[in-house]
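Okay, structure first, notes after.
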Amino acid sequence: MNPLFHEIANTVRGLSIDAVQKANSGHPGLPLGCAEIGTYLWAEFLRYNPKNSSWFNRDRFVLSAGHGSMLLYSFLHLSGYKVSLDDIKRFRQLNSNTPGHPECRDTDGVEVTTGPLGQGIADSVGIALAHKMFEQRFNRPGHEIVDNKIVCLAGDGCMMEGVSSEASSLAGHLRLNNLILIYDMNYITLDGEWKESCSDDQVARYKAYGWDVVVIKNANDYAEVKKAMDPLRGKLKKPTLVVAHTVIGFGSPHKAGSHKVHGSPLGEEEVKATKANLGWPQEAFYVPDAVRGFFKTKGQEGEKLEKSWNQKFDQWKAAFPDLFDLYTKMADHHIPSGLKSELMNLKMPKPAMAGRKVSEMCIQVLATHLPYLVGGAADLSGSNNTTIEGSKFITADDFSCVNIKFGVREFAMTAMANGMATTFLRPFVGTFLCFYDYAKNAVRLAALSHHPIIYIYTHDSIGLGEDGPTHQPVEHLAAMRATPNLYVWRPGDANEVKAAWWHAINHLTGPVALLLTRQDLPNLEQTGGDMEAKALKGGYILISEKEPSKPIDYTLIATGSELHLAVEVCNQLTSERGKNVRVVSLPCFKLFEEQDPAYKKKVLGGNIGRRVSIETGSSFGWERYIGLDGIAIAIDEFGRSAPIEAVMDYFGFTVDKIIKKLLST
């Protein structure tokens, strides 16, 4: 073993505890305990080029236990990524590129945002699946341009979280042999000892999932780590779990092996004692010249690795120009010039169609032209209508398909999409809107990370009818609309569904959610025409008041399945009650808010009469548009189990009941 590796491990320990101490905040336990594992990965195992963190065939490293971020930042700094020593010194400070948990938009070399435990495992499964798909699409005998490894480091907390079970089960089922999960098994959680809340046999568990398992009895011994992991560089048959037994806080004389070292600075005296115990200089943020020299050479080797791959890539490109064209289109997320027209002119076979059915038709058009579009559902592809025609579902023996069966795993599916979205793929994933609750934290990370994912949430209201309140979303719209950087669409008919899909495909800086109906909706003539002037503004005047010179009595603002109801209410108020009424469609709040002030004022500004919102969901948030004196036709309780007509009538979503409420309020 190169004796310098011992120095590298201690360099990382020193940088980590100094950064945490300077910030007076952080988690020193994992970096101290996993320094040998990290050293082996970054000094010997991983193939990377710090000069190009987006190299296509790089190995991917994901720190699922994101609280141990200083381990990752230390290696990124030493390896030559855009993380300086000053950045290390600004750990956890405002606007630094070394935040408390790894964030992919902030720090060069961070693959995915992690921190909420367990999600990094699912992200890694998504990345691994994407690269298995790339292997089959691009590799040809003698021209293998995809052969990278996806390595994830997780802790006890990650393994306890249910999302790890969901994702690991699917990874084993698909035999993702490019995936290595390293489990830092130190038997310590934030609250105390692991055994106080867990007694799982992790080896048996992962073998049952269909993984291979390697156990390192002392992962603070570099030689043991190397002996166990060197064989994993070769071609594997299954995903592999490496159970690495470490001592949390290794080197700390008074806190090692204790939960006290998990999430708090060591303290100045313990930092000194730890360095003395390790035989390390007391100088803060000390990096030996030999360590810098090693990683300078390592970086040059990484540049040579990519250069060699580029030569292989050029040979592949010359031999398979059609595959290179596919590669380029996927890398660029190319959209053909005539696709918008084809989508918008898509004819509906019936005058009334469910939003999910229209979405299905849109998917077929888009998938024909967008080879990077892949998708699936959490065991609901037949209900969400997410299947791409002409393609089978991915199996362990065939990754050439574009349909994915995620099983009943909403959380893992959504987190896997986060990983997939960091590649050339554009994933869409589906489930019932009510089950957004299972996936919420992964959606939040997607919004935080600006991942371009498309969520298809069907069965979007009490319109489910007989399935009842357990399946009828009420509060979900408000929660989703409150999420920064998440575009939430609730289209009211076929034209608005097409507009929503067009926006989603073109939006590459964050996730988009499409909330679609189970029940048929009439295709409204007023929604047709130029989508740029209508739905693609997020909100627009669907029906103008008949007498512009007179005061407006009511402005009805509706979304989704209630849009046609607003039209019917308007027609009766106008023809039978002599009222001057405007109808506004507001399918995407966020997109509407991004329009210029003059446009928003034209649609919803000034004296436009009594403002009325009509939506089968919580009234929360509608105050922005209807004001304190407005009328919210909404549902601020849970739903009921009954046929759809009975449920709608019970909650007042009929023309007669809405008009009665307006005239009596």
Side-chain angles (χ1 to χ4, degrees), residues 1 3 5-21 26-43 63-75 117 151-160 181-203 213-229 241-267 269-280:
M1 183 188 83
F5 294 159
H6 178 70
E7 278 198 64
I8 293 172
N10 282 341
T11 300
V12 168
R13 289 187 171 103
L15 289 174
S16 297
I17 60 177
D18 284 340
V20 170
Q21 190 61 41
H27 300 74
L30 185 146
L32 285 169
C34 289
E36 279 76 21
I37 294 171
T39 298
Y40 172 75
L41 291 174
W42 290 89
L63 181 63
S64 184
H67 55 271
S69 56
M70 267 312 306
L71 177 84
L72 178 54
Y73 298 151
S74 296
F75 280 111
L117 294 180
V151 180
C152 177
L153 177 59
D156 289 304
C158 294
M159 303 295 274
M160 288 184 187
L181 172 59
I182 303 172
Y183 170 23
D184 170 28
M185 194 171 191
N186 56 41
Y187 295 103
I188 294 295
T189 63
L190 187 148
D191 261 359
E193 294 189 35
W194 174 85
K195 66 182 180 182
E196 294 171 335
S197 59
C198 196
S199 54
D200 297 353
D201 184 337
Q202 304 289 12
V203 173
V213 179
V214 174
V215 177
I216 307 175
K217 292 182 179 180
N218 180 7
N220 293 117
D221 184 323
Y222 190 93
E224 280 199 39
V225 174
K226 178 177 173 59
K227 181 180 179 181
M229 293 197 62
L241 173 71
V242 178
V243 180
H245 293 278
T246 67
V247 175
I248 189 171
F250 182 90
S252 171
H254 305 107
K255 296 184 178 183
S258 163
H259 70 281
K260 295 178 181 179
V261 77
H262 171 83
S264 301
L266 293 180
E269 292 306 313
E270 189 67 9
V271 167
K272 292 178 182 178
T274 300
K275 289 181 178 180
N277 190 38
L278 294 170
W280 200 244

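All values reported here derive from a predicted model rather than from experimental measurement. Index from 1, following the sequence. Hydrogens, waters and symmetry mates play no part in the numbers below; they use all other heavy atoms, side chains included.
- For Ser69, the side chain to side chain contact (heavy atoms under 4.5 Å, CB included) partners at least two apart in sequence or on another chain are Tyr73, Phe91, Pro102.
- The backbone N or O of Asn218 sits less than 3.5 Å from a side-chain atom of Glu224, completing a donor-acceptor pair.
- The two residues Leu71 and Cys34 come nearest to each other via the heavy atoms CD1-O, 3.9 Å.
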Would you tabulate the side-chain donor-acceptor contacts of residues 188-199 under 3.5 Å, counting partners in other chains and residues two or more places apart, or write 'none'?
from, atom 1, to, atom 2, distance (Å)
Thr189, OG1, Gly192, O, 3.4
Glu196, OE1, Glu193, N, 3.2

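- Proximity of a side-chain donor or acceptor of Asn220 to a complementary backbone N or O of Val247 within less than 3.5 Å is detected.
- With sequence neighbours excluded, the residues forming a side chain to side chain contact (heavy atoms under 4.5 Å, CB included) with His67 are His27, Leu30, Ala65, His101, Leu117, His262, listed by chain and number.
- Judged as a side chain to side chain contact (heavy atoms under 4.5 Å, CB included), and not counting sequence neighbours, Lys227 has no contacts.
- Not one N or O on the side chain of Asp200 forms a donor-acceptor pair closer than 3.5 Å with the backbone of Gln202.
- Heavy atoms of other residues, nucleotides or ligands lying less than 6.0 angstrom from NE2 of His6 number 12 at most.
- Considering all non-hydrogen atoms of both residues, Arg13 and Pro31 come closest at CG-O, 4.2 Å.
- Residues that satisfy the side chain to side chain donor-acceptor pair (under 3.5 Å) test with Asp184, not counting sequence neighbours, are Asn186, Thr246.
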Which atom pairs, one a donor and one an acceptor, fall under 3.5 Å between side chains of residues 248-258 and the rest of the protein, sequence neighbours left out?
from, atom 1, to, atom 2, distance (Å)
Ser252, OG, Lys255, N, 3.3
Ser252, OG, Glu270, OE2, 2.6
His254, ND1, Glu270, OE1, 2.8
Lys255, NZ, Leu266, O, 2.9
Ser258, OG, Lys260, N, 3.0

